[in-house]
Peer 1: 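Following this message is one structure expressed as C-alpha cells.
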Amino acid sequence: MAEQTLVIIKPDAVQRQLIGRIFSRFEDKGLKLVAAKFMQISEALARKHYAVHTGKPFFEGVVRYLSSSPALVVVLEADGVIEMSRKLMGKTFGNEAEPGTIRGDFGASRGFNLVHGSDSPESAAYEIGLYFCPDELVQYDLGNKDWLYGQND
Ligand code: IDP
Ligand code: MG
C-alpha cells in the first residue's frame, strides 16, 4: 500500500469557507482521497492529536484552536504523500510561508494556519487511528493512476 497521511482542514479554513479551494490543491497534485470526516473535534481528541506538544507554551492554545469549530479531516494516499502534502502547505504560519503554498496564499496569521499534515509515517499512523476505523479507509484505484504516477523506466 502507498503511504498515507492525515490532513485536517482546520476550523479557521472552514469558517472562512476555504474548504474547496484548499482541498483542490491536494486534488490538483494527484493525491488520492481515501477517507473524509467533517466533524467537531473535541478538546479531548485535540489533546491526543497534539500530545507530542504537551507542555509547550502553545499547547493549550492549539488545543483550543483545533476544537473551536468544525474541521474536515481526511486521509490522503500516494507514494511520498507526507512530504508532498507538507510542501503544499508551506511553513507553519502564513506570515512566513512562501506564496504558492496553502498557508502562504491564504493566511497571514501567526496563530491560525488553516491546515494540518502528519510529519512522519509514525505520526500519520497514530493520527489516522485517532480519527478513523480501519474500515473507513476506502480501498480503490484512481482510473488515471498510470498517468498520474507514471514512470518511464
Ligand atoms: P506544523 O503544523 O507545521 O507541523 P507544529 O510545530 O507541529 O507545526 O505545531 C503544531 C501546531 O501547533 C501548528 O500547526 C500550529 O497550529 C500550532 N503552533 C505551533 N507553534 C506555535 C506557536 O509558536 N504559537 C502558536 N501556535 C503554534
Ligand atoms: Mg506538526
Side-chain angles (χ1 to χ4, degrees), residues 1-138 148-149:
M1 187 186 66
E3 187 173 81
Q4 296 185 336
T5 192
L6 187 92
V7 167
I8 303 180
I9 301 186
K10 286 176 158 181
D12 50 331
V14 173
Q15 287 288 343
R16 291 176 56 199
Q17 299 183 288
L18 292 172
I19 291 175
R21 293 170 74 191
I22 290 176
F23 190 71
S24 72
R25 299 290 180 103
F26 300 101
E27 276 197 319
D28 288 349
K29 184 75 174 166
L31 306 178
K32 185 172 77 165
L33 178 68
V34 298
K37 206 173 269 189
F38 183 62
M39 61 184 287
Q40 172 68 50
I41 298 173
S42 68
E43 184 190 317
L45 183 52
R47 284 184 186 283
K48 287 184 193 164
H49 178 98
Y50 282 126
V52 66
H53 296 301
T54 306
K56 293 187 186 165
F58 62 83
F59 179 69
E60 294 299 330
V62 76
V63 166
R64 213 178 314 124
Y65 164 44
L66 190 64
S67 58
S68 61
S69 186
L72 180 67
V73 186
V74 305
V75 177
L76 303 177
E77 186 180 289
D79 285 335
V81 69
I82 292 174
E83 191 182 347
M84 284 193 279
S85 305
R86 287 181 63 88
K87 280 187 177 160
L88 288 176
M89 292 177 197
K91 287 189 187 167
T92 298
F93 291 114
N95 63 317
E96 290 189 343
E98 293 291 325
T101 65
I102 294 166
R103 288 163 169 171
D105 285 352
F106 291 109
S109 170
R110 301 181 66 229
F112 295 165
N113 60 357
L114 302 159
V115 278
H116 165 81
S118 310
D119 65 5
S120 68
E122 296 71 32
S123 59
Y126 171 73
E127 292 169 5
I128 290 168
L130 288 179
Y131 296 91
F132 295 98
C133 306
D135 69 359
E136 291 177 315
L137 305 178
V138 182
L148 281 170
Y149 311 123

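Remember, it's 1-based here, ligands and their atoms both numbered in the order they're listed. Numbering of residues begins at 1 and proceeds along the displayed sequence.
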Peer 1: Is the closest basic N to carboxylate O distance between D105 and R21 below 4.0 Å?
Peer 2: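 Result for this pair is no, no salt bridge flagged.
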
Peer 1: Determine, for E60 against R47, whether the closest basic-nitrogen to carboxylate-oxygen distance falls under 4.0 angstrom.
Peer 2: yes

Peer 1: Please write down residue, atom name and distance for the protein heavy atom closest to atom 13 (C) of ligand 1.
Peer 2: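 The answer is N113 ND2, 3.5 Å.
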
Peer 1: What residue among H49, E136, K48 forms side chain to side chain donor-acceptor pair (under 3.5 Å) with Y131?
Peer 2: H49

Peer 1: Measure the distance from atom 2 (O) of ligand 1 to every protein heavy atom, then report the residue, atom name and distance (to 0.1 Å) of the closest one.
Peer 2: R103 NH2, 3.2 Å

Peer 1: Please state whether Y50 comes within less than 4.0 angstrom of ligand 1, counting heavy atoms only.
Peer 2: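 Right, Y50 reaches ligand 1.
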
Peer 1: Do me a favour and list the nearest non-hydrogen protein atom to atom 7 (O) of ligand 1 with residue, atom name and distance?
Peer 2: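 Its nearest protein heavy-atom neighbour is H53 NE2, 3.1 Å.
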
Peer 1: For a 4.5 angstrom cut-off between non-hydrogen side-chain atoms, does F23 reach V115?
Peer 2: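 No. Closest side-chain heavy atoms not under 4.5 Å.
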
Peer 1: Which protein non-hydrogen atom lies closest to atom 17 (C) of ligand 1, naming both residue and atom, and how far is it?
Peer 2: V62 CG2, 3.4 Å

Peer 1: Show me which atoms of ligand 1 lie under 4.0 Å from any heavy atom of K10.
Peer 2: 14 (O), 16 (O)

Peer 1: Closest non-hydrogen protein atom to atom 27 (C) of ligand 1, residue and atom name please, with distance?
Peer 2: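 Of the protein heavy atoms, F93 CZ, 3.4 Å lies nearest.
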
Peer 1: Would you say CD of E83 has more than 12 non-hydrogen atoms from neighbouring residues, nucleotides or ligands within 6.0 angstrom?
Peer 2: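 Atom CD in E83 is not packed in, count stays at 12 or less.
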
Peer 1: Is there a side-chain contact between L88 and L31, using heavy atoms and a 4.5 Å cut-off?
Peer 2: yes

Peer 1: Checking a contact table here: which protein heavy atom is nearest atom 24 (N) of ligand 1, and how many Å away?
Peer 2: F58 CB, 3.6 Å

Peer 1: Considering only heavy atoms of R86, which atoms of ligand 1 have at least one such atom less than 4.0 Å away?
Peer 2: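 Matching atoms, with element in brackets: 3 (O), 4 (O).
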
Peer 1: Could you tell me, atom by atom, which parts of ligand 1 come under 4.0 Å of a heavy atom of T92?
Peer 2: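 Answer for ligand 1: 1 (P), 3 (O), 8 (O), 13 (C).
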
Peer 1: Nearest 0.5 angstrom please: H116 NE2 to Y50 OH, how far?
Peer 2: 6.0 Å

